4 protein chains.
Amino acid sequence: MTSAPSPARRPGASRTGRPRSADADRAILTATRAALVELGWGKLTLGDVAARAGVAKTTLYRRWAGKNELVVDAVAALFDEHLELPDRGSLHADVEGVVLQFAALLERPETKTALMAVVAESTRDDALRDRIRSAIVDRQKSLVLLGRERAQLRGELPREEDGAAAARTADLIFDVIAGAVVHRTLVSAEPVDAEWARGFTALLVGGLTAVAVPGAAGGRAPDA
Amino acid sequence: MTSAPSPARRPGASRTGRPRSADADRAILTATRAALVELGWGKLTLGDVAARAGVAKTTLYRRWAGKNELVVDAVAALFDEHLELPDRGSLHADVEGVVLQFAALLERPETKTALMAVVAESTRDDALRDRIRSAIVDRQKSLVLLGRERAQLRGELPREEDGAAAARTADLIFDVIAGAVVHRTLVSAEPVDAEWARGFTALLVGGLTAVAVPGAAGGRAPDA
Amino acid sequence: MTSAPSPARRPGASRTGRPRSADADRAILTATRAALVELGWGKLTLGDVAARAGVAKTTLYRRWAGKNELVVDAVAALFDEHLELPDRGSLHADVEGVVLQFAALLERPETKTALMAVVAESTRDDALRDRIRSAIVDRQKSLVLLGRERAQLRGELPREEDGAAAARTADLIFDVIAGAVVHRTLVSAEPVDAEWARGFTALLVGGLTAVAVPGAAGGRAPDA
Amino acid sequence: MTSAPSPARRPGASRTGRPRSADADRAILTATRAALVELGWGKLTLGDVAARAGVAKTTLYRRWAGKNELVVDAVAALFDEHLELPDRGSLHADVEGVVLQFAALLERPETKTALMAVVAESTRDDALRDRIRSAIVDRQKSLVLLGRERAQLRGELPREEDGAAAARTADLIFDVIAGAVVHRTLVSAEPVDAEWARGFTALLVGGLTAVAVPGAAGGRAPDA
DNA sequence: GATTAAACGAGACGGTACGTCTAGTCTTGAA
DNA sequence: TTCAAGACTAGACGTACCGTCTCGTTTAATC
């Protein structure tokens, strides 16, 4: 899964003059990730990023409006590269797969540091929240939607008629998966290992099945 | 639920000299919460907090090492005051209760802003993480443990023999509840309303029951 | 008598980047003198100087290392502007002229306040002492040397053959003149009026003549 | 020459309560001199002095109004102890003696640092100037008066009839001696050695004699 | 090939907050 | 009442970054 290259937003891109260096974009984003790992969000300074990238501060500010925007772009690239959902054959396997994949991403030092910081900042900045949503959150959510679709095709989960209700259920599942992994990783600060993933998957799939067929729980019981 | 007063960490609290003013502690924590709501984490300055509290900056720095420590203490007090778990008669009702209560707390502007910021910072600072854990996380987790205990007494959930496994299960449940609420509130930025709480509770209780009695889930249908 | 402009010491003055504003230099030095007169050395704060000059504190610190350096430069400009020695026709008249001129300078509030403070500080800081010497002391001493040269041309004083001895004598005369005026003005805190200048001149010229022609002092009586 | 012990100014010394410790006074003054030598005026802090003296800051403030007063007292004690003028038999020898003695005092690190600093401060503070005058300056001046008196008794200098004129002459001589030594020591930062003292004495005595008997300089020519 | 408009590096600029320091005062309990 | 201890208010210190602004210098697309 790879999306449009995030760099430079040039509203009225002119035709003449020296074009912006693509090298600079790359160098800046790479330097941002490196600095993030070394220093953390709080001590990350744009002057330092520019110096690492071998670029003047003005060049950096010509392309990004500030720290938040820059870091979101730098981190979003990682989410682009590392999220995908091959069909593992069952709802159970797919859930476990997505949990482990998401956890692996969150345990990288640059994402661990950056994600929470950017999200924290987004509680005060609607534009930033939208940016995070489209660059990061929605990419994760699409995996959950895809997995659910497959489970419905396989008959593991019923297909909901009401579109709005279906969307609400999808959101709920997404919040549960992403939330549990984030909380385990960043707040509880414990690793998401195979055992935890197995337990979580059993709980979630059990819940989904129980809710889907209330009173007569699951034809296909999870193989726990 | 009310715990020890968080104030002043004085390593070798001496017997002589003028004692620290308890008024100052109160004024500073109150001012911190107010400033947090008005300005948000990023624009919160300790000089401003001191001015609001009618206190010199040095007095503030004598008691807290920095912004993080101060804000954790200021916010932790809210968690002390606003978390409790009356027995609502069933696992289902207890889960729904704890979800709504936790969400209400997280939707207060001061906690919303502060919690993520502090957690973000804690990814780089072990001392801060421990502080958060003991001041905030553990208080929430104790509610989950209490609810589970009650459910086991009622016979809604089996009592696990293996202590370590029991602890792991408790951690899992806690990460799922807290994570889902946090993610819904702060990342998805959608309200935790009665409908969402109902859906989440059904999913979680369904999962717990299915996992606990695999192959014959249910009995007590999750409709409160 | 006007020497090189004292401004900014930029070790390896670079060719690139935005050049330093010359206006800022002027504004800062002017503001420093004004603040010195109003507040005195002890209450002079660099933040206040910066504010008066309409300049950021950082701009000030970029150019001067601290209070001492700044004030020396600010005051040195006055010594540049106000010291000169027109030929008054006789040793006697020249001495009286230089005494009155130096006293007038020392009685200006900004010099009175600053000179002693800076000199006091210089007892602990060799770099500062060198700075004072080249910016202030040497300018005064050159007047004394000039006056002596003229007196020798006129035949009022003998020309010393031994260069080292001549230099020692010049230093001695300088210490006597400058020391007496400084002590009268700043320690005894009495005015250097025409009468005092006349008495001092008689004493000094008498001494010089007596020493130069021991046993037969005078010839030219010291009554101008 | 030893004067009243300068310490503690207790306006209405009370009869009851714990008496003030005399040890404390001594310890504070000694600590002040030590700190002055080590740190210089600018970095001398009263907190540090109190700590060195093994005394609480309050004790210090109970006895002296501030830094200036304390340092003047601490230094004045040295002037008490080290100034005296034995009769050396001639004006010439007496001048040389007083010059060397005063120079020796000024070259002690604690006086060198303190005297200028206190004098500098006194340009803004009349009370401080009076204090310096009575504690330091007048003690020096009395030596000059004494030496002049002796010279008049010996017939080396004429006795002036006009009291006011006599006082003016005495002041002038004092400013020349003290000023030259101070300027040589602190501004020119050169040592007052035997050679300099000889040259200065010749100049001054020559001047005094020439002025006293204008047109027929000195019966007793200096033996330079 | 000359022109030209924008990007570039360097670094100074006005600001703001930082966390530390010192001055001088006040409050405690013990002597 | 003084003492040691140490908390208190007030405010300057010098530093670090922020984001903007000049400079003089490339650099490609257009003429």
Side-chain angles (χ1 to χ4, degrees), chain A residues 8 10 13-21 24 43-48 50-51 54-67, chain B residues 8 10 13-21 23-24 43-48 50-51 54-63 65-67, chain C residues 8 10 13-21 23-24 42-48 50-51 53-63 65-67, chain D residues 10 13-21 23-24 42-48 50-51 53-67:
Chain A
R10 219 173 339 173
S14 68
R15 210 151 312 281
T16 69
R18 177 174 174 176
R20 289 189 180 167
S21 157
K43 308 214 157 173
L44 178 79
T45 72
L46 296 198
D48 184 47
V55 139
K57 243 193 327 170
T58 28
T59 299
L60 200 155
Y61 276 105
R62 201 174 292 119
R63 295 161 195 235
W64 285 276
K67 201 168 167 173
Chain B
R10 224 174 333 173
S14 69
R15 209 149 312 282
T16 68
R18 179 172 171 177
R20 290 190 180 166
S21 158
D23 286 354
K43 309 212 158 175
L44 178 78
T45 71
L46 297 197
D48 184 47
V55 140
K57 240 189 334 168
T58 35
T59 298
L60 201 155
Y61 277 105
R62 198 175 295 118
R63 295 161 194 237
K67 204 167 165 174
Chain C
R10 226 175 329 174
S14 69
R15 207 150 312 282
T16 68
R18 179 172 174 175
R20 288 190 179 165
S21 157
D23 285 354
K43 307 212 160 173
L44 178 78
T45 71
L46 297 197
D48 184 47
V55 138
K57 232 186 345 163
T58 36
T59 298
L60 203 154
Y61 277 106
R62 200 175 293 117
R63 295 162 193 234
K67 202 167 166 175
Chain D
R10 222 174 338 173
S14 67
R15 210 152 312 282
T16 69
R18 176 170 170 177
R20 287 189 180 168
S21 157
D23 286 353
K43 309 213 157 174
L44 178 79
T45 71
L46 297 195
D48 184 47
V55 138
K57 243 192 329 168
T58 25
T59 300
L60 201 155
Y61 276 105
R62 204 173 291 119
R63 295 162 194 233
W64 286 276
K67 199 168 167 174

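Bear in mind that the values here come from a model prediction, so they are computed numbers and not experimental data. Proteins come first, then strands; the chains are lettered A, B, ... in the order of their sequence lines, and each starts at number 1.
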Return the value, rounded to whole Å, for the distance between atom [atom1] of [X] and atom [atom2] of [N].
X: D:Y61; N: E:dT25; atom1: OH; atom2: C1'; answer: 9 Å
X: B:L44; N: E:dG19; atom1: CG; atom2: P; answer: 11 Å
X: C:R20; N: E:dG14; atom1: CZ; atom2: P; answer: 12 Å
X: A:W64; N: E:dA7; atom1: CH2; atom2: P; answer: 14 Å
X: A:K57; N: E:dC8; atom1: NZ; atom2: P; answer: 16 Å
X: A:D48; N: F:dG19; atom1: CG; atom2: P; answer: 15 Å

Want to settle it: does C:L46 or A:L46 sit nearer the 5' end of DNA chain F, counting the closest nucleotide to each? C:L46

Given that B:V55 and C:G47 both sit by DNA chain F, which one's nearest nucleotide is further toward the 5' end? B:V55

Taking 4.0 Å as the cut-off, does a side-chain nitrogen or oxygen of [X] come that near to OP1 or OP2 on [N]?
X: B:R18; N: F:dA5; answer: no
X: C:R62; N: E:dC13; answer: yes
X: D:R63; N: F:dC3; answer: yes

Mind checking [X] for me? I need base, sugar-phosphate or nothing, with any heavy atom below 4.0 Å counting as a touch.
X: B:T59; result: base
X: A:K67; result: nothing
X: A:G54; result: sugar-phosphate
X: B:L60; result: nothing
X: C:T58; result: base

For D:V55 and D:A24, which heavy atoms make the closest approach, and how far apart are they? CG2-CB, 4.1 Å

Give me the atom names and distance for the closest heavy-atom approach of D:A56 to D:A50. C-CB, 4.1 Å

Are A:L46 and A:Y61 packed together at the side-chain level, in the sense that at least one heavy-atom pair is separated by less than 4.5 angstrom? yes

Quick one: NZ on A:K43 to CG on A:D48, what's the gap to the nearest 0.5 Å? 12.5 Å

For D:L44, does its backbone N or O pair with a side-chain atom of D:K67 as donor and acceptor, under 3.5 Å? yes

Between B:K43 and A:A24, just flag the one whose closest nucleotide in DNA chain E comes earlier from the 5' side. A:A24

Between C:S21 and B:T45, the residue closer to the 5' end of DNA chain E by nearest nucleotide is C:S21

